[in-house]
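Below is one structure, written out as structure tokens; the observations come after it.
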Amino acid sequence: MVATPSDDRKYRHRREQLVDTLRSRGIHDERVLAAVGAVPRHAFVDPALRERAYTDEALPIGLNQTISQPFTVAYQTALLEVGPDDRILEVGTGSGYQAAVLCEMGARVFSIERHEDLLARARRLLDEIGYDVRTRHGDGTKGWPAFAPYDGIVVTAGAPTIPESLLRQLREPTEEDGRRGGRLVIPIGGRGGQTMTRVARTGSGPHDYEREEFHSFRFVPLVSEGGDDS
Ligand code: SAH
């Protein structure tokens, strides 16, 4: 794909309109809006769907998976409260779009995907555009202990319950340097719909977590090892 300058202009204009749409739908975090305004979403969708890349909708990316709706990406990113240089783990790389948005937020991004071919495609694209994301093929419900603890973990598929390993890989708050505890943002529920949930680590103990619930969404299912997504 060779982008022409007029393509660039066209997509840039549409991207600005998308940002306005997100603002009107309730996203007020200016850093998140700027990140969405910077990522070329059209590069992350199938060429046949490129004309719809900047409408606020989820689109198929193959293997029964979708690139999330921009509103959803912005909503989850805002709930993560990403600070500069935060280490963020994403479960469900999919197209790579959410990972790119996190890079634009200044985070150090780690991302896991269970479908090897989706991951290969996302990997190529992120490299091509120049987004520095560490990726791994595997079951993200186990997290990625090698790079823990994380300031934020975002799960981009619907989970029946909160995976324990993810909670354990959140950063503990530290008093000495005033660092906050890590946040897990995860849609919890069955296949029909999930409640966006945020769990923040408030201490080092096994019960030092605070849970908040937000709006309902509908994600593709989180499939742990041995599961099937048919
Ligand atoms: N964040 C993606 C959205 C992808 S949809 C984007 O921006 O495009 C959710 C993704 O989660 C799918 O690609 C699916 O294959 C993946 N997934 C589901 N269960 C998983 C698991 N246990 N570990 C890692 N990835 C998983």
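In each ligand, atom 1 is the first atom listed, and ligand 1 is the first ligand listed. Throughout, residue positions are numbered sequentially from 1 according to the sequence presented. Here the structure is a predicted model, which is why all the values come from computation and not from measurement.
- No N or O atom of Leu118 sits closer than 3.5 Å to an N or O atom of ligand 1.
- Between the side chains of Thr141 and Ser224, no donor-acceptor pair is found at a separation under 3.5 Å.
- For ligand 1, the atoms closer than 4.0 angstrom to any heavy atom of His115 are 15 (O).
- Judged by the 6.0 Å and 45° rule, Arg41 forms a cation-pi pair with Tyr97.
- In this structure, Asp151 CG and Arg171 CZ are separated by 4.0 Å, a value rounded to the nearest 0.5 Å.
- Using a cut-off of 4.0 Å between Lys/Arg side-chain N and Asp/Glu carboxylate O, Arg23 and Asp20 are scored as salt-bridged.
- What you find for Tyr131 and Cys103 is that their closest heavy atoms are CD2-CB, 3.6 Å.
- Residues Ile188 and Arg211 are in side-chain contact: their nearest non-hydrogen atoms beyond the backbone lie under 4.5 Å apart.
- Using a 4.0 Å cut-off to heavy atoms of Thr93, the atoms of ligand 1 that qualify are 1 (N), 2 (C), 6 (C), 8 (O).
- In the vicinity of Thr66, heavy-atom distances shorter than 4.0 Å reach the ligand 1 atoms 3 (C), 4 (C), 5 (S).
- No donor-acceptor distance shorter than 3.5 angstrom exists from the side chain of Asp208 to the backbone of Arg201, with no hydrogens or angles considered.
- In this structure, Pro221 counts as a contact residue of ligand 1, since one of its heavy atoms falls inside 4.0 Å of the ligand.
- Using a 4.0 Å cut-off between heavy atoms, Ala99 makes no contact with ligand 1 at all.
- Salt-bridge check for Arg14 with Glu16: failed, with every basic side-chain N at 4.0 Å or more from each acidic carboxylate O.
- Salt bridge Lys142/Glu225: present, at least one basic N to carboxylate O contact under 4.0 Å.
- Contact annotation: for Glu225 versus ligand 1, there are no heavy atoms closer than 4.0 Å.
- For ligand 1 and Thr156, the ligand atoms under 4.0 Å from any heavy atom of the residue are 1 (N), 2 (C), 3 (C), 4 (C), 5 (S), 9 (C).
- Ligand 1 has an N or O atom lying under 3.5 Å from an N or O atom of Gly140, backbone or side chain.
- Residue Ile112 has at least one heavy-atom neighbour below 4.0 Å for each of these atoms of ligand 1: 24 (C), 25 (N).
- Within the 4.0 Å heavy-atom cutoff, Ala122 does not count among the residues contacting ligand 1.
- The two residues Gly96 and Leu126 have their closest heavy-atom pair at O-CD2, 3.6 Å.
- At under 3.5 Å, not a single nitrogen or oxygen of Ser68, backbone or side chain, sits near a nitrogen or oxygen of ligand 1.
- Within ligand 1, the atoms closer than 4.0 Å to a non-hydrogen atom of Ser95 are 6 (C), 7 (O), 8 (O), numbered from 1 in the order shown.
- Around atom 17 (N) of ligand 1, the closest heavy atom drawn from Lys142, Gln65, Arg114 belongs to Arg114.
- Atom numbering of ligand 1 starts at 1 in the shown order; those under 4.0 Å from a heavy atom of Gln98 are 1 (N), 7 (O).
- Interface of Val220 with ligand 1, defined as ligand atoms under 4.0 Å from a residue heavy atom, comprises 5 (S), 9 (C).
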